[in-house]
Undergrad: 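The structure is given below, and queries will be raised subsequently.
Chain identifiers are assigned alphabetically (A, B, ...) following the order of the sequence lines, protein sequences preceding nucleic acid strands; residue numbering begins at 1 within each chain. Computed from a predicted structure; not experimentally measured.
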Number of protein chains: 2
Amino acid sequence: MAAERTASWVDGALQVLAASGHRSGGARRALLELLDSQRCALSALEIEDALRTSERRVARASIYRILDELERLGLVQKVEVGQAMARYEPLRTGAGHHHHLVCDSCGVIMPFTDRGLEEAITKLSRRVPIEVSEHEIVLHGACEECKD
Amino acid sequence: MAAERTASWVDGALQVLAASGHRSGGARRALLELLDSQRCALSALEIEDALRTSERRVARASIYRILDELERLGLVQKVEVGQAMARYEPLRTGAGHHHHLVCDSCGVIMPFTDRGLEEAITKLSRRVPIEVSEHEIVLHGACEECKD
DNA sequence: TTCGATGCAAAGAATTTGCACGCCA
DNA sequence: TGGCGTGCAAATTCTTTGCATCGAA
């Protein structure tokens, strides 16, 4: 829609955080950068793992707290793909919006986008009894590998 | 699509169970009947609660085991509406297929159906890298009550 | 110096597993 | 009668909370 500078999602997020009265903090910064570098949603534990190795180590509790705050501010989206574990990914304006394919056999998760689907959702949103702010679509099935 | 007798979902389910080599069992029966009588998805704990009161009491572990088996057999669908708790509902052929609206403020869940959405999904399913067997759509937002 | 940010460990909540007994086929 | 179905309780796994300390403004 609007032509926005892709001034790294991290910067934008930090700005929003500052604007809402948050101080800096190394843990949050590391977490934001990790999320930004990912291709698809990560779970809290995967984040802890990734950060333990490289970057800056961040306590598990902090990860949950930070993700919770980021979600509340609309900076990340929590996605539930049915593996008893929440996953999070950056919420970018316009570009980057996608949904998920899940292989119920091996658990792999892949992102996909579909214009028709988004249009259907937009139309639909106007006539449901709630004020829609977000939507989440998950297609379950068997991936090439597991299809046999 | 096909004109199917609505010979109660419970009966059909019991038949599938029998066909796949399962014995009868009172707990499963009670759980099936409860699910069949519901208007929307229930969580395992809600099921335990409902069964504790009336019907036949069923142990929590059994509820999880039974739901797991029913899901594997394609008799119920697990829906994740993002409240750190899985919900289950009967999977009926054709009629009854719906998706969910979730109020992120009060947590109420409402079912909805949309033809356009289903068509978009069907088309889309043909060109994604997995063999789609199920799909789940959740719209998040604020309900009339919480909209203020 | 002040108060939010973070780490650590214990607490909680949902779900799973182990094992013994009861009941259907 | 044999083995699945079920209950009970302990164990796991993911997430949250309590509290002390560290660090940014």
Side-chain angles (χ1 to χ4, degrees), chain A residues 10 13-35 41-52 55-73 75-76 78-88 104 107 109, chain B residues 10 13-34 41-52 55-73 75-76 78-88 107 109:
Chain A
V10 175
L14 287 171
Q15 215 166 312
V16 172
L17 283 162
S20 63
H22 285 279
R23 293 188 181 169
S24 175
R28 192 155 49 205
R29 171 106 206 185
L31 203 163
L32 286 173
E33 290 183 341
L34 173 65
L35 278 183
L42 291 180
S43 70
L45 299 214
E46 286 169 349
I47 290 172
E48 182 188 26
D49 234 59
L51 292 178
R52 173 161 38 227
E55 315 239 10
R56 175 186 185 293
R57 187 173 183 299
V58 176
R60 186 174 303 182
S62 299
I63 293 175
Y64 281 109
R65 272 186 299 237
I66 293 171
L67 287 174
D68 196 54
E69 182 60 17
L70 293 179
E71 191 196 1
R72 182 165 26 245
L73 291 174
L75 293 170
V76 303
K78 185 181 197 169
V79 318
E80 315 263 350
V81 293
Q83 284 158 165
M85 196 151 69
R87 287 168 174 279
Y88 298 82
D104 291 324
I109 300 177
Chain B
V10 174
L14 286 172
Q15 215 166 313
V16 172
L17 283 162
S20 63
H22 285 281
R23 294 186 182 171
S24 175
R28 192 154 52 202
R29 172 103 204 187
L31 203 163
L32 286 173
E33 289 182 342
L34 173 65
L42 291 180
S43 70
L45 271 354
E46 287 170 348
I47 290 172
E48 182 187 27
D49 234 59
L51 291 179
R52 172 160 39 227
E55 314 238 11
R56 177 185 185 292
R57 187 172 184 301
V58 177
R60 185 173 303 182
S62 298
I63 293 175
Y64 282 109
R65 272 185 298 235
I66 293 171
L67 286 174
D68 195 55
E69 182 60 18
L70 292 179
E71 192 196 1
R72 182 165 24 245
L73 291 174
L75 293 170
V76 304
K78 184 180 197 169
V79 318
E80 314 263 349
V81 293
Q83 282 158 163
M85 194 151 69
R87 287 168 175 279
Y88 298 82
I109 301 176

Undergrad: If you assign each of B/Ala59 and B/Gly21 to its closest nucleotide in DNA chain D, which residue comes earlier from the 5' end?
TA: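 Mapping each residue to its closest nucleotide by heavy atoms, the 5'-most match is B/Gly21.
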Undergrad: Any side-chain to backbone donor/acceptor pair from B/Glu46 onto B/Ser43? Under 3.5 Å, distance only.
TA: yes
Undergrad: How far apart are the C-alpha atoms of B/Arg72 and B/Asp68, what are their side-chain angles, what is the distance that settles it, and do they pass the side chain to side chain contact (heavy atoms under 4.5 Å, CB included) test?
TA: CA-CA 6 Å; B/Arg72 182 165 24 245; B/Asp68 195 55; 3.3 Å; yes
Undergrad: Tell me the closest heavy-atom pair linking B/Leu51 and B/Ala30, and the distance in Å.
TA: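 Closest heavy-atom pair between B/Leu51 and B/Ala30: CD2-O, 4.0 Å.
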Undergrad: Counting primed atoms plus P, OP1 and OP2 as sugar-phosphate and everything else as base, spell out the protein contacts along nucleotides 20-25 of chain C at 4.0 Å heavy-atom distance: B, S or - for each nucleotide, 5' to 3'.
TA: ----BS
Undergrad: Identify the two heavy atoms, one from A/Arg87 and one from A/Ile109, that lie closest to each other, and give their separation to 0.1 Å.
TA: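 Minimum heavy-atom separation between A/Arg87 and A/Ile109: NE-CD1, 3.3 Å.
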Undergrad: Want to settle it: does A/Ile66 or B/Arg60 sit nearer the 5' end of DNA chain C, counting the closest nucleotide to each?
TA: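 This one resolves to A/Ile66.
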Undergrad: Between C/dT6 atom C1' and A/Arg28 atom CZ, what is the distance in whole Å?
TA: 10 Å
Undergrad: Would A/Ile63 and A/Leu45 count as a side chain to side chain contact (heavy atoms under 4.5 Å, CB included) if you check the C-alpha gap in whole Å, the side-chain angles of each, and the deciding distance to 0.1 Å?
TA: CA-CA 9 Å; A/Ile63 293 175; A/Leu45 299 214; over 6 Å; no
Undergrad: Rounded to the nearest 0.5 Å, what separation is found between the CD atom of A/Glu80 and the CE atom of B/Met85?
TA: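 So the gap between those two atoms works out to 11.5 Å.
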Undergrad: How many whole angstroms separate atom CZ of B/Arg87 from atom P of C/dT15?
TA: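 It works out to 10 Å between those atoms.
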Undergrad: Compare every heavy atom of A/Ser20 with every heavy atom of A/Leu73, then report the nearest pair and how far apart it is.
TA: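 Taking A/Leu73 first and A/Ser20 second, the nearest heavy atoms are CD1-OG, 3.8 Å.
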Undergrad: Taking C-beta and beyond as the side chain, do B/Leu31 and B/Leu67 meet within less than 4.5 Å on heavy atoms?
TA: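 The answer is yes; the side chains approach within 4.5 Å.
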Undergrad: In whole angstroms, how far is the C1' atom of C/dT16 from the CD1 atom of B/Ile63?
TA: 14 Å
Undergrad: Could you give me the CA-CA distance, side-chain angles and deciding distance for A/Val10 and A/Leu35, then say whether side chain to side chain contact (heavy atoms under 4.5 Å, CB included) is met?
TA: CA-CA 9 Å; A/Val10 175; A/Leu35 278 183; over 6 Å; no
Undergrad: Note down the inter-axis angle between the two ends of the helix from C/dT1-D/dA25 to C/dA25-D/dT1, five pairs each, to the nearest 10°.
TA: 30°
Undergrad: Tell me the side chain to side chain donor-acceptor pair (under 3.5 Å) pairs involving residues 23-34 of chain B, sequence neighbours left out?
TA: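 Matches after skipping sequence neighbours: B/Arg29-B/Glu33.
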Undergrad: Mind checking which nucleotides bracket the chain B contacts on DNA chain D, 5' to 3', with an atom under 4.0 Å from a heavy atom?
TA: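 Taking any atom under 4.0 Å from a heavy atom of chain B, the span is D/dG2 to D/dA9.
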Undergrad: Does anything in residues 56-67 of chain A form a side chain to side chain donor-acceptor pair (under 3.5 Å)? List the pairs, not counting sequence neighbours.
TA: A/Glu48-A/Arg60
Undergrad: What protein N or O atoms touch nucleotides 17-19 of chain C N or O atoms at under 3.5 angstrom, if any, and at what distances?
TA:
unit_1, atom_1, unit_2, atom_2, d
C/dG18, O6, B/Arg65, NH1, 3.2

Undergrad: Looking at every strand, decide which applies to B/Arg56 at a 4.0 Å heavy-atom threshold: base, sugar-phosphate, or nothing.
TA: sugar-phosphate
Undergrad: In whole angstrom, what separates B/Glu48's CD from C/dT16's C1'?
TA: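 One finds 14 Å between C1' of C/dT16 and CD of B/Glu48, rounded.
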Undergrad: In whole angstrom, what separates B/Glu69's CD from C/dT15's C1'?
TA: 17 Å
Undergrad: Where do A/Ala50 and A/Leu34 come nearest, in terms of heavy atoms and distance?
TA: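 It is CB-CD2, 3.7 Å.
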Undergrad: Between B/Leu32 and B/Ala13, which heavy-atom pair has the shortest distance, and what is it?
TA: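 Taking every non-hydrogen atom into account, CD2-CB, 4.0 Å.
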Undergrad: Specify the separation, in whole Å, of atom CE of B/Met85 and atom P of C/dT16.
TA: 14 Å
Undergrad: Which value, rounded to the nearest 0.5 Å, describes the distance between B/Leu42 atom CG and B/Tyr88 atom OH?
TA: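 The distance works out to 11.5 Å.
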